S.K.: 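Below is the structure I would like to discuss, written out as structure tokens.
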Amino acid sequence: MRTSWLWLLAATVAVGCAKSNPESSTDKGNEPVVQPEPQPEPKPPKKEPSADEIQQRIKNESIVVFLVLPNKPEFAVSNIVDKVASGIKRELDELPPLKLETTGGGWFLQVTTSPVKDVEAFGRKQTLGRILALDPEKRRVLIEYGAPPSPRESWQDATFLDKQVMVRSARWGTLPPPSFPAEQVVYVRFRGDWSSDAFVVQGKLKALLDGPVEKRHVWALDRDLSSGTWGTAIAPVTDLAALAKKVDFAEVLHFDTEHNALILGHKK
């Protein structure tokens, strides 16, 4: 009996040791479980703006930059337009441009571009030249190309800008009459629709010119596609101020002897 009790006690101790030793266990449920990494949530595709939304943004964020170019052959519009476009691109709020169109002639260039959210900020940071005038309401700026910067208080307003654009763009799209000195050629621009009066006005302008009738020249009135205004060129004119006083078929809105420009409108 004593031998049997000792054997039973030894067996009990052995079993207890086996249960307390995790390495001898065949129970796989005690092993740590590795959880898989959570997958990131898929991002919804970026919504591309519609054609209407792009056009509306172009309308809201377009700016018109007018550049007075130095009167030198190397600064002719055809020679300078690419360099100007590159300079303007650097100041846009976003690239590529939503819009970048150029037109001009006679040492005067117009660039219409987008996007520019703040016209005033554009004027302050641009490096094209000296600001002459700023019109924030119509989103227009006039710059003397290549000139040193000017302080904000020296910038002119929309009235000055409008007159400069009128006289400097008067010759766009119009060739001078042949065989006349440049100082005797005047470029006439008309505000409003003159399609029904074009032929009559051509004759009335010719009657105001100097010299023999057979030596006078007036181009037929034509509509410039870039500006939408009607225009012509006349010669010879020896005194533009005197000619402006003789105009009785239209209202003289402005004339400029430096640029040989005459701006006319319908009589009120």
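Keep in mind it's a predicted model, so treat the numbers as computed, not measured. Atoms considered below: every heavy atom in the structure, side chains included; atoms not considered: hydrogens, waters and symmetry mates.
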S.K.: Determine whether a donor-acceptor pair (N or O, by modelled atom type, separation under 3.5 Å) exists between the side chain of Lys204 and the backbone of Asp248.
M.R.: no
S.K.: Do Trp230 and Asp193 make a side-chain contact, defined as non-hydrogen atoms from C-beta onward lying under 4.5 Å apart?
M.R.: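 A side-chain contact exists here, since the closest heavy-atom pair is under 4.5 Å.
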S.K.: In chain order, what residues pass the side-chain contact (heavy atoms from CB on, under 4.5 Å) check against Glu183, with sequence neighbours excluded?
M.R.: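 Checked Glu183 against side-chain contact (heavy atoms from CB on, under 4.5 Å); matches are Pro181.
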S.K.: Side chains of Asp197 and His266: closer than 4.5 Å at any heavy-atom pair?
M.R.: yes
S.K.: Any side-chain to backbone donor/acceptor pair from Asp256 onto Val167? Under 3.5 Å, distance only.
M.R.: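 No: the side chain of Asp256 does not pair with the backbone of Val167.
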S.K.: Can you confirm whether Phe190 sits close enough to Val201 that some side-chain heavy atom of one is under 4.5 Å from a side-chain heavy atom of the other?
M.R.: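 Sidechains of Val201 and Phe190: in contact.
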S.K.: Ignoring hydrogens and angles, state whether a donor on the side chain of Asp52 or Ser50 is under 3.5 Å from an acceptor on the partner side chain.
M.R.: no
S.K.: Can any side-chain N or O of Asp224 pair as donor or acceptor with the backbone N or O of Gly231 at less than 3.5 Å?
M.R.: no
S.K.: Taking atom CD of Gln39 as the centre, does the number of heavy atoms from other residues, nucleotides or ligands within less than 6.0 Å exceed 12?
M.R.: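 Check fails, neighbour count at 12 or below.
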S.K.: Quick check: do Ile58 and Ile54 have side-chain heavy atoms less than 4.5 Å from each other?
M.R.: yes
S.K.: When you compare the side chain of Trp219 with that of Val188, does any pair of heavy atoms fall below 4.5 Å?
M.R.: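 They are not in contact (no side-chain heavy atoms under 4.5 Å apart), so the answer is no.
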S.K.: Given side chains that start at C-beta, do those of Thr102 and Val84 come closer than 4.5 Å, heavy atoms only?
M.R.: no
S.K.: Flag yes if more than 12 heavy atoms outside Lys245 fall under 6.0 Å of its NZ atom; otherwise flag no.
M.R.: no
S.K.: Give the intermediate values and the outcome of side chain to side chain contact (heavy atoms under 4.5 Å, CB included) for residues Trp107 and Arg168.
M.R.: CA-CA 8 Å; Trp107 318 112; Arg168 291 179 181 275; over 6 Å; no
S.K.: For Gln110, is there any backbone N or O sitting under 3.5 Å from a side-chain donor or acceptor partner on Thr103?
M.R.: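 It does not hold such a pair.
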S.K.: Could you tell me whether a side-chain N or O of Lys125 sits under 3.5 Å from a main-chain N or O of Glu91, the two making a donor and an acceptor?
M.R.: yes
S.K.: May I ask you to test the Ile131-Val141 pair for a side-chain heavy-atom distance under 4.5 Å?
M.R.: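 Yes; the side chains approach each other to less than 4.5 Å.
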S.K.: Tell me whether the count of non-hydrogen atoms from other residues, nucleotides or ligands lying under 6.0 Å of NZ in Lys72 goes above 12.
M.R.: no
S.K.: Short question: side chain of Trp172, backbone of Gly105 - any donor-acceptor pair under 3.5 Å?
M.R.: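 Yes, Trp172 side chain to Gly105 backbone: donor-acceptor pair under 3.5 Å.
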S.K.: Could I get the full list of side-chain contact (heavy atoms from CB on, under 4.5 Å) partners for Asp135, not counting sequence neighbours?
M.R.: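 With neighbours one apart ignored, the set is Glu137, Lys138, Arg140, Ala158, Leu161.
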S.K.: Are the side chain of Ser62 and the backbone N or O of Ser114 linked by a donor-acceptor pair below 3.5 Å?
M.R.: no
S.K.: So, Gln202 side chain and Val218 main chain: donor-acceptor pair closer than 3.5 Å or not?
M.R.: yes
S.K.: Would a 4.5 Å heavy-atom cut-off, applied to side chains only, mark Arg189 and Ser169 as touching?
M.R.: no
S.K.: Got a salt bridge between Glu120 and Arg152, using NZ or NE/NH1/NH2 to carboxylate O under 4.0 Å?
M.R.: yes
S.K.: Kindly say whether Ala147 contributes a backbone atom to a donor-acceptor pair with the side chain of Arg130 at under 3.5 angstrom?
M.R.: no
S.K.: Do the ring planes of Tyr145 and Phe75 sit parallel (below 30°), tilted (30 to 60°) or perpendicular (above 60°)?
M.R.: perpendicular
